[in-house]
Amino acid sequence: GYLMQSSFQYMGIYADVVKITGGFICSSIAGIIGLRLYHRDKNLQEYASALLSLFVVLNYLLIYFMSDLGNFPMLSSAFLGFSLIIANTTLAIYIALRFETKIVSVLSLLGGAFAPFYLNATNDGSFYYFYLWLLSAASCYVSHRIKWKTLQYLTFLITIGLLETTIFYNSPNQLLFTIYYHLFTYLFFYVVFFKTNRIKEKLIKVDLIILSTNLSIFLLNHYTLYKNDLNILGFIFLANALLFSTPLVKLWSQLSKKIKLILLLIIGSLVGLAIPSL
């Protein structure tokens with residue numbers, strides 16, 4: 001394998017294409033062996049998970065190398081690279097769900113979220129927001145299915161970090177950002193408040209930290225976005241307060257005192273900021 005690299009130079013401009021093709025073949029072999037070992041013996045499942053993780057990581061790495069194929073513009077295009085990232089991330093999420101593999105679920109989140117940046121495939125962030133939301137929702141679902149809440153917390157931290165970074169470097173469309181940020185905010189509200197489609201009776205400390213951080217960033221970002229048009233900001237806050245009031249009114253008798261208090265605090269924060277804005 002070490003000496004083989006010397007022979008690639010005789011292939012001219014096709015050398016890198018052959019290398020990358022060989023890399024995809026090797027990663028596929030690792031994935032196939034991992035799949036077969038996982039079903040063969042329980043004692044080999046941890047090793048099989050490592051091979052499946054290798055398959056996912058190698059694919060992300062090879063997609064990165066593809067972006068540097070200057071002699072082949074079609075293969076090195078951001079569109080093809082982004083499409084391959086989506087395909088690899090989808091496959092990784094399926095593997096994490098099918099085999100309840102924690103490390104693959106983390107790799108799918110990290111690779112899927114960060115890979116578009118080194119391909120310069122985020123542009124103004126418009127499509128990337130939607131892609132990131134789907135990835136976040138999928139990671140939260142995987143976390144629920146494999147019963148590993150750490151993945152939810154990791155998803156929240158990465159998503160918030162990437163959202164703020166993307167917004168800082170690229171100014172998105174105002175309306176588009178408002179829609180997307182509501183989607184992200186309510187995704188994590190749902191993760192915090194609900195368990196198997198039922199509202200929780202109490203929240204643990206980590207849930208409270210995620211809840212308060214999520215709400216604070218939501219309020220701050222919308223103020224920054226609409227500070228020159230406070231009437232719209234006020235109506236946005238009132239609409240969200242009304243939305244949170246709905247489960248409070250409909251499910252009042254079923255909610256615990258702690259959840260009622262938290263919902264009232266959220267509604268109070270939204271109304272309290274809506275009044276001076278209007």
Side-chain angles (χ1 to χ4, degrees), residues 45 49 89-90 92-113 129-164 179-222 237 239-271:
Q45 285 183 353
S49 297
T89 303
T90 303
I93 290 171
Y94 170 76
I95 291 171
L97 280 172
R98 178 69 178 79
F99 303 106
E100 298 187 358
T101 308
K102 292 179 181 179
I103 188 168
V104 175
S105 65
V106 173
L107 290 172
S108 66
L109 173 63
L110 293 174
Y129 288 141
F130 180 63
Y131 163 75
L132 184 62
W133 184 84
L134 288 176
L135 179 62
S136 301
S139 295
C140 289
Y141 178 69
V142 170
S143 173
H144 168 70
R145 283 287 303 271
I146 67 177
K147 298 177 181 178
W148 190 45
K149 288 183 72 67
T150 304
L151 182 60
Q152 289 181 3
Y153 308 145
L154 187 62
T155 302
F156 176 74
L157 290 173
I158 289 173
T159 300
I160 292 298
L162 287 177
L163 273 176
E164 298 306 305
I179 294 169
Y180 277 135
Y181 211 88
H182 274 77
L183 287 173
F184 280 105
T185 302
Y186 279 91
L187 170 64
F188 292 112
F189 278 148
Y190 180 83
V191 168
V192 167
F193 277 114
F194 286 83
K195 184 177 182 180
T196 57
N197 296 325
R198 296 189 64 179
I199 296 181
K200 299 175 183 176
E201 293 185 2
K202 61 179 181 178
L203 303 181
I204 60 176
K205 289 181 180 179
V206 180
D207 288 335
L208 291 173
I209 292 171
I210 291 177
L211 178 64
S212 57
T213 305
N214 196 31
L215 179 63
S216 300
I217 295 176
F218 175 82
L219 297 173
L220 179 63
N221 279 338
H222 278 83
F237 286 162
N240 281 277
L242 183 63
L243 194 59
F244 272 100
S245 301
T246 304
L248 195 63
V249 172
K250 286 189 173 182
L251 304 173
W252 180 266
S253 60
Q254 301 175 28
L255 299 176
S256 65
K257 290 182 179 179
K258 290 182 178 179
I259 296 297
K260 289 177 184 176
L261 176 62
I262 291 169
L263 288 173
L264 287 170
L265 285 172
I266 293 172
I267 295 166
S269 301
L270 290 165
V271 174

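Sequential numbering from 1 along the given sequence is applied to the chain's residues. This structure is a prediction, so every number in the text was calculated from the model and none was measured.
- Of the residues listed (I209, L208, I262, D207), the one engaging V192 in a side chain to side chain contact (heavy atoms under 4.5 Å, CB included) is D207, and it is the only one.
- Between the CZ atom of F218 and the OG atom of S269 there is a distance of 11.5 Å, given to the nearest 0.5 Å.
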Walk me through it: do C140 and F188 pass the test side-chain contact (heavy atoms from CB on, under 4.5 Å)?
-> CA-CA 9 Å; C140 289; F188 292 112; 4.2 Å; yes

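- No donor-acceptor pair closer than 3.5 Å links the side chain of Y129 to the backbone N or O of L163.
- Side-chain contact check for N221 versus E164: some heavy-atom pair is nearer than 4.5 Å.
- K260 has its side chain within reach of L248: a pair of non-hydrogen atoms, C-beta onward, lies under 4.5 Å apart.
- Side chains of V106 and L110 form a contact here, defined as non-hydrogen atoms less than 4.5 Å apart.
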Do F156 and V191 pass the side-chain contact (heavy atoms from CB on, under 4.5 Å) test, and can you show the C-alpha distance, the side-chain angles, and the key distance before you say yes or no?
-> CA-CA 10 Å; F156 176 74; V191 168; over 6 Å; no

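- Nearest heavy atoms, W133 versus L183: NE1-O, 3.0 Å.
- Of all non-hydrogen atoms in I93 and A138, the two that sit nearest each other are CD1-CB, 3.6 Å.
- Ring planes of Y180 and F130: tilted class, angle from 30 to 60°.
- Under a 3.5 Å cut-off, the side chain of W148 and the backbone N or O of K102 do not form any donor-acceptor pair.
- Residues S136 and L187 come closest through the heavy atom pair CB-CD2, 3.8 Å.
- Of the possible polar contacts, none joining the S143 side chain to the S139 backbone as a donor-acceptor pair under 3.5 Å is found.
- Side-chain atoms of F99 and V104, non-hydrogen and from C-beta on, never get closer than 4.5 Å to each other.
- A 4.5 Å side-chain heavy-atom check between I146 and T101 finds every atom pair outside the cut-off.
- Residues F193 and Y186 keep their aromatic ring centres 6.0 Å or farther apart.
- Using a 4.5 Å heavy-atom threshold, the side chains of I160 and T213 count as separate.
- Taking 4.5 Å as the limit, every side-chain heavy atom of L270 sits out of range of all side-chain heavy atoms of L242.
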Audit row: Y131, T89, side-chain contact (heavy atoms from CB on, under 4.5 Å) steps and yes/no = CA-CA 11 Å; Y131 163 75; T89 303; 3.7 Å; yes

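- The shortest heavy-atom contact between S49 and I103 is O-CG2, 4.4 Å.
- Between T90 atom OG1 and I95 atom CD1 the span is 11.0 Å, to the nearest 0.5 Å.
- Note on ring orientation: taking the six-membered ring where Trp is involved, the planes of H222 and H182 are perpendicular (angle over 60°, cut-offs 30° and 60°).
- Within the 4.5 Å cutoff, side-chain heavy atoms of L263 are placed close to those of L255.
- Put simply, the side chain of S108 never gets that close to the backbone of A92: no donor and acceptor are under 3.5 Å apart.
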Is there a side-chain contact (heavy atoms from CB on, under 4.5 Å) between I158 and L154 once you walk through the steps?
-> CA-CA 6 Å; I158 289 173; L154 187 62; 3.9 Å; yes

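- Taking CD1 of I266 as the reference point, atom CZ of F189 lies at 5.0 Å (rounded to 0.5 Å).
- The aromatic rings of Y181 and F184 lie tilted to each other, with the angle between the two planes from 30° to 60°.
- In terms of heavy-atom proximity, I267 sits nearest to A241 at CG1-O, 3.9 Å.
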